[in-house]
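Scroll down for the structure; my scribbles are underneath it.
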Amino acid sequence: MEPDFYKIAKKWQKEWEKEDIFKTREDKTHKKFYCLEMFPYPSGYLHMGHVRNYTIGDAYARYKRMKGFNVLYPMGYDSFGLPAENAAIKNSVNPKEWTEKNIEGIKKQEKEMGFSYDWSREIATHKEEYYRWNQWFFLQFWKKGLAYQKEGFVNWCPSCRTVLANEQVVNGKCWRCGSDVEKKNLKQWYLKITDYAERLLKDLDSLDDWPEPVKIMQKNWIGKSEGTKIKFRIKGIDKEIETFTTRADTIYGITYLVIAPEHPLTTELIQDSDKEEEARRFINECMNESYESRIAENKKKRGFFTGSYAIHPLTQEEIPIFIANYVLFEYGTGIVMGVPAHDQRDFMFAKEYNLPIRLVIKPVSSEINEEDMSEAYLGSGILVNSGPFNGLKNEEAIPKIQDYLEKEGLGKRATTYKLRDWLISRQRYWGTPIPMIYCKKCGVVPEKEENLPVVLPEDVEFGSGNPLATSKTFVHTKCPYCGGDAIRETDTMDTFFDSSWYFLRYISPKNREAPFEKKEADYWFPVDQYIGGIEHAVLHLLYSRFFTKVLYDMGLVSSEEPFKRLLTQGMVVKDGAKMSKSLGNVVDPQEFNVKYGPDTLRFFILFAASPENELDWKNRETEGNYKFLVRLYSRILETKKILKNQKAGKEINLYDKYMLSIINRAISELDELFNGFRFNLAITKIMKLGEELFNYLKRNDIKEDVIDEYVVALLKLISPITPHIAEELWHQLGHDSFISLENWPESDSKKIDATAEFLIELNEKISEDIMTIRKLVKIPAKRIKLILAEDWKYELYNFIKKGAKEKDIKSFVMNSEFKRYGKEALFIAEEFMKNPQKISEPIFNKDEELESYTLSIDYIKKDLKLDLDIILKKNSTDETEKVKQRKANPGKPAIIFE
RNA sequence: GUGGGGGUCGCCAAGCCUGGUCAAAGGCGCAGGACUUAAGAUCCUGUCCCUUAGUGGGUUCGUGGGUUCAAAUCCCACCCCCCACACCA
């Protein structure tokens, strides 16, 4: 009869909820541990990716709880966002209804998995009591000058009908819907994340427990580069322009300048050109060019001569200014000096437009000729054609040229970042209204804090344009300062704003006076362990860091970083592809649970791969895991019966000691594995412990004390992974408490660390249980077989001598300790049957056989004919001693006892 | 192109940092056996190759070198795969 793990799970979930055992303890005398998973966007049901994420987190939270920590482990919902709005339009329901229905569904699933969240701290970002604090934060940012409005070219997703932040444009496409992103000139709200670029970069170094790839991605995204800004006068216009370069050493190689099409200065530059019209057309083309076509043309450089010339600051030469599609307006100054000889892009451009190529760096060992160049020379060398700087090594020339430019006021050292300010306006409904007001008299003013929240109205029409603008109750308002007619900002906030501080709201989720209580935050913040997907490496994880730094500067929190330790879990794939509905390879957690129970799902998910790695879903393997759990469950339930049916003495034998040693060793080993998130290895160990238990239970001399100690520890060790089964067995064995609240078992080092002791004992009592040698000494099974062969042959011989029948012999062989040698045992047995006398003679005619019962280590060495060094590591940890022994016996394998 | 991660005995996956108990954990698969009228389930055993009753020998950790008494593990070169960013001056 198979146990119903689903039912068992339900039962305990109910009990836990009834007793409210996962409510966060407020006892501040304990060390705290804040364990957090990236909260889900409630767009439907939980998929395997979520389940994996939360299973990892839950197992960890449970483990930490057992280790005596005060654990904060909350759950909430990132419930504002476009899908809700789109679904609402599609099904003509209210986004709120749609969202809340989904939240209920997801919550139910989370509960069915047995996740040990403190549900009293649940949050949802679409609720007034949450988003009012978004608005409050926005106003604080505004006060500090960190929120501002700017007109400029922005990324616009035509399908989502809203603008996007740079971080949300992936390969020129919208991160959400995949449409090609267009450029639009709009006035939008920004947060000044660039002010924090340096700190965001520098503090990455302090994040020791973050995965390296994430840090590198952030570093690249921030993209710091140090270089020089160089000023150029423009011929005929009383204006200076600036370029940015990291290669000031190539300044004498400039043969043209290029300016980004979006650059406002282009208008002035083309003004007097006879090709003004054509230039304008070119600019428009560039700006409408899709990412696709730019890639398709293989990064072909296209440009247009403006008709204007700049004056080289050092040589006073006149150099043409081009508009070109390869210059990024947002980076540096939006104007680049063209040095075809030493930059591949410039080289291609110069070839295309027949611009001169001037070599200014000569390689030390080879010759290059300007006319023969087929690509730019990017290496180092000696400066030539560079006026007073000729002869310098190019690396050394950079600071010299910088000094000179600075002295002459022609340029200066500068640092630029790839990071841009964070565009947070969205022209959509389902989000936090930006609390700003346009007053005819006072201009752009913030809503007063006491008037918050600016409530998201419900009288809106969905369709084209921004729905908020259609609300009669929302748009028209009075200026909070002069009382005159005014209109509200109708843009809402990027939902990444919501998720940039939600981890703080869990700390005091009900507080109505502040987003969170400082006193509480001082205790709980930062998050000790954060778990989520790597896809947020430069989105959520960067924004949250930025937010935290701002709050730190405001004195609201005392940590500059939100997440101390980060784990990015791998994807769940099946049949070589990410689980997706279109591929039809989705495994529904719900269905799985009903069939095998949530513990099987948890067990498999943690077992099948290490958390960071991709998890390859295999139905077969889940079944294997299920079988193991069923076996474990049934065997432990049976132990009482087994104990009753046999009367073994109280005396602890070597096998008992062995059992106690492995369980005690496992306690400390698993502690380490759990702490390092190596659940897959932990489970391997647990399975072995299970197998050992099964084997032990088959003996006829098992001891109740040993079983008790073993099973209690085993259940505790497995409880973070399969909490329901552990809980059920725990109670079946007669405990009244919750195993979920038990402490991590204590490991008795005396019981583990007895290898040496065992060895002495081995010398004396090796006959008692020869099997144990293999396990203790860890000599491969094959080698120990030799001893065994003699041993069991002798027993078998006696057995047959007593007149046993064939069937008895077979069952003796298969059920004796030597059944692991089933095949050969049978073979020998059959031979015996045929002719006992004949076989017995050569085997048992010597006394040697019996000597094997009094083996010593020397005997093992000698009679096993093992040419081995047996080194007791304990007594000779001295390096030199070890080395000496090795040198003395070159090429000889060694066995080392830990 | 730049940056990151990988290639382990049918598949998945440990081990590599800290070189010797490594022919290399564990799971799955497969094979044989026990149990069964039978199938399934369960249990036992085996699963690189050759050989044996036990033993023994040979060849393995992407490829090729190197260091070492000793390399899956350390060093160098090369090949292949994945992922992220991508005209950042």
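The shown structure was predicted, so the numbers you read here are calculated from the model rather than taken from an experiment. Letters A, B, ... mirror the listed sequences (proteins, then strands); counts begin at 1.
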Taking atom types as modelled, find out whether A/Thr194 and A/Asp421 have a side-chain donor-acceptor pair closer than 3.5 angstrom.
yes

Walk me through whether A/Lys183 and A/Glu330 qualify under salt bridge (Lys or Arg N to Asp or Glu O under 4.0 Å).
CA-CA 13 Å; A/Lys183 292 272 176 192; A/Glu330 301 92 342; 3.5 Å; yes

Can you figure out which of B/rU42, B/rA84, B/rG27 approaches the side chain of A/Met217 most closely?
B/rA84

List the steps, then state whether salt bridge (Lys or Arg N to Asp or Glu O under 4.0 Å) holds for A/Arg302 with A/Glu285.
CA-CA 11 Å; A/Arg302 296 202 303 127; A/Glu285 255 173 58; 3.5 Å; yes

Which is true for A/Thr243 with a 4.0 Å heavy-atom rule: it touches a base, it touches only sugar-phosphate, or it touches nothing?
nothing

Per atom distances to the A/Arg420 side chain, the nearest of B/rC88, B/rC28, B/rA84 is B/rC88

Taking the minimum atom-to-atom distance to the side chain of A/Thr246, which one of B/rC12, B/rA41, B/rA89 wins?
B/rA89

As a test of reading the structure: which of B/rG26, B/rC11, B/rA13 is closest to the side chain of A/Lys688, going by heavy atoms?
B/rG26

Nearest-angstrom distance, P atom, B/rU47 to B/rC22:
16 Å

Taking only the C1' atom of each, what is the distance from B/rU68 to B/rG27 in whole angstrom?
36 Å

Give me the one residue out of A/Val360, A/Leu405, A/Thr245, A/Val339 that meets side-chain contact (heavy atoms from CB on, under 4.5 Å) with A/Ile251.
A/Leu405

When we call it a touch if two heavy atoms are under 4.0 Å apart, what does A/Lys219 touch: a base, just sugar-phosphate, or nothing?
nothing

Does the ring pair (Phe, Tyr, Trp, His ring centres under 6.0 Å) test come out yes or no for A/Phe322 and A/Phe304, once each step is laid out?
CA-CA 5 Å; A/Phe322 280 73; A/Phe304 198 91; 8.5 Å; no

Using the C1' atoms only, state how far B/rC11 lies from B/rC30, rounded to an integer number of Å.
11 Å

Within the pair A/Ser610 and B/rA14, is there a side-chain N or O less than 4.0 Å away from OP1 or OP2?
yes

Determine the Euclidean distance between corresponding P atoms of B/rG62 and B/rU55; express it in Å to zero decimal places.
29 Å

For B/rC48, which nucleotide in any strand shown is its Watson-Crick or wobble partner with both distances under 3.5 Å?
B/rG58

If you pin A/Ala608 and A/Phe694 to their nearest nucleotides in RNA chain B, which one's is more 5'?
A/Ala608

Looking only at N and O atoms, is any donor in the side chain of A/Lys301 or the base of B/rC87 less than 3.5 Å from an acceptor on the other one?
yes

May I ask you to decide whether A/Lys688 forms a salt bridge with A/Glu669, counting only side-chain N to carboxylate O separations under 4.0 Å?
no

Starting from C1' on B/rC17, measure out to CD on A/Glu212 and report it in whole angstrom.
14 Å

Closest to side chain of A/Asn613, choosing from B/rA13, B/rA25, B/rC87
B/rA13

At 4.0 Å (heavy atoms only), tell me whether A/Lys685 reaches a base, stays on the sugar-phosphate, or touches nothing.
nothing

Base-pairing assignment for B/rA86 (Watson-Crick or G-U wobble, both under 3.5 Å)
none

Just the rounded figure in Å: distance from P of B/rU42 to OH of A/Tyr633.
17 Å

Looking across every strand, which nucleic acid part, if any, lies under 4.0 Å from A/Gly332 by heavy atom: base, sugar-phosphate, or nothing?
nothing

Which value, in whole Å, describes the distance between the C1' atoms of nucleotides B/rC28 and B/rC9?
15 Å

Salt-bridge criterion met for A/Glu672 and A/Arg678 (N-O under 4.0 Å)
no

What's the CG-P distance between A/Leu673 and B/rG15, to the nearest Å?
10 Å

Could you tell me whether A/Asp346 contacts a base, only the sugar-phosphate backbone, or nothing, with contacts defined as non-hydrogen atoms closer than 4.0 Å?
nothing

Looking only at B/rC11, B/rG26, B/rA89, the nucleotide nearest the A/Met687 side chain is B/rG26

From CG of A/Asn625 over to P of B/rG29, roughly how many Å is that when rounded to an integer?
11 Å

A/Ile216, nearest nucleotide to its side chain (from B/rA89, B/rG4, B/rA41)
B/rG4

Result for 5'-nearest mapping on RNA chain B, choosing between A/Val538 and A/Gly223, is A/Val538

If I pick the P atom on B/rG15 and the same atom on B/rG6, what distance separates them, to the nearest angstrom?
11 Å

Any-strand Watson-Crick or G-U partner of B/rC11, both distances under 3.5 Å
B/rG27

What is the distance from CD1 of A/Ile683 to P of B/rG26, rounded to the nearest Å?
15 Å

For a quick check under 3.5 Å, do A/Asp208 and A/Trp210 share a side-chain donor-acceptor pair by atom type?
no

Expressed as a whole number of Å, how far does the C1' atom of B/rC35 sit from that of B/rA71?
47 Å

From the options B/rA25, B/rC87, B/rG27, select the nucleotide whose nearest atom is closest to the side chain of A/Tyr326.
B/rC87

Taking the same atom, P, in B/rU60 and in B/rG54, what whole-Å distance lies between them?
26 Å

Among B/rA89, B/rC12, B/rA86, the nucleotide that comes nearest once only the side chain of A/Trp221 is considered
B/rA86

Below 4.0 angstrom from OP1 or OP2 of B/rA89, is there any side-chain N or O of A/Ser225?
yes

Under 4.0 Å, counting only non-hydrogen atoms across every strand here, what does A/Lys418 touch: a base, just sugar-phosphate, or nothing?
base

Who pairs with B/rG19 - Watson-Crick or G-U, where each distance is under 3.5 Å
none

Grab the CZ-P distance between A/Arg345 and B/rC87 for me, whole Å please.
9 Å

By the definition ring pair (Phe, Tyr, Trp, His ring centres under 6.0 Å), identify the one residue from A/Tyr331, A/Phe349, A/Phe347 that meets it with A/Tyr326.
A/Phe349

Quickly work out the A/Ile241 CD1 to B/rA89 C1' distance and round it to whole Å.
14 Å

Nucleotide paired to B/rC35 in any strand shown, Watson-Crick or G-U, under 3.5 Å
none

For A/Asn220 and B/rG4, give me the distance from atom CG to atom C1', rounded to whole Å.
9 Å

Side chain of A/Pro213 only, heavy atoms from C-beta on: which candidate in B/rA84, B/rC12, B/rG4 is closest?
B/rG4

A/Arg620 near the nucleic acid: base, sugar-phosphate alone, or nothing, with a heavy-atom cut-off under 4.0 Å?
sugar-phosphate

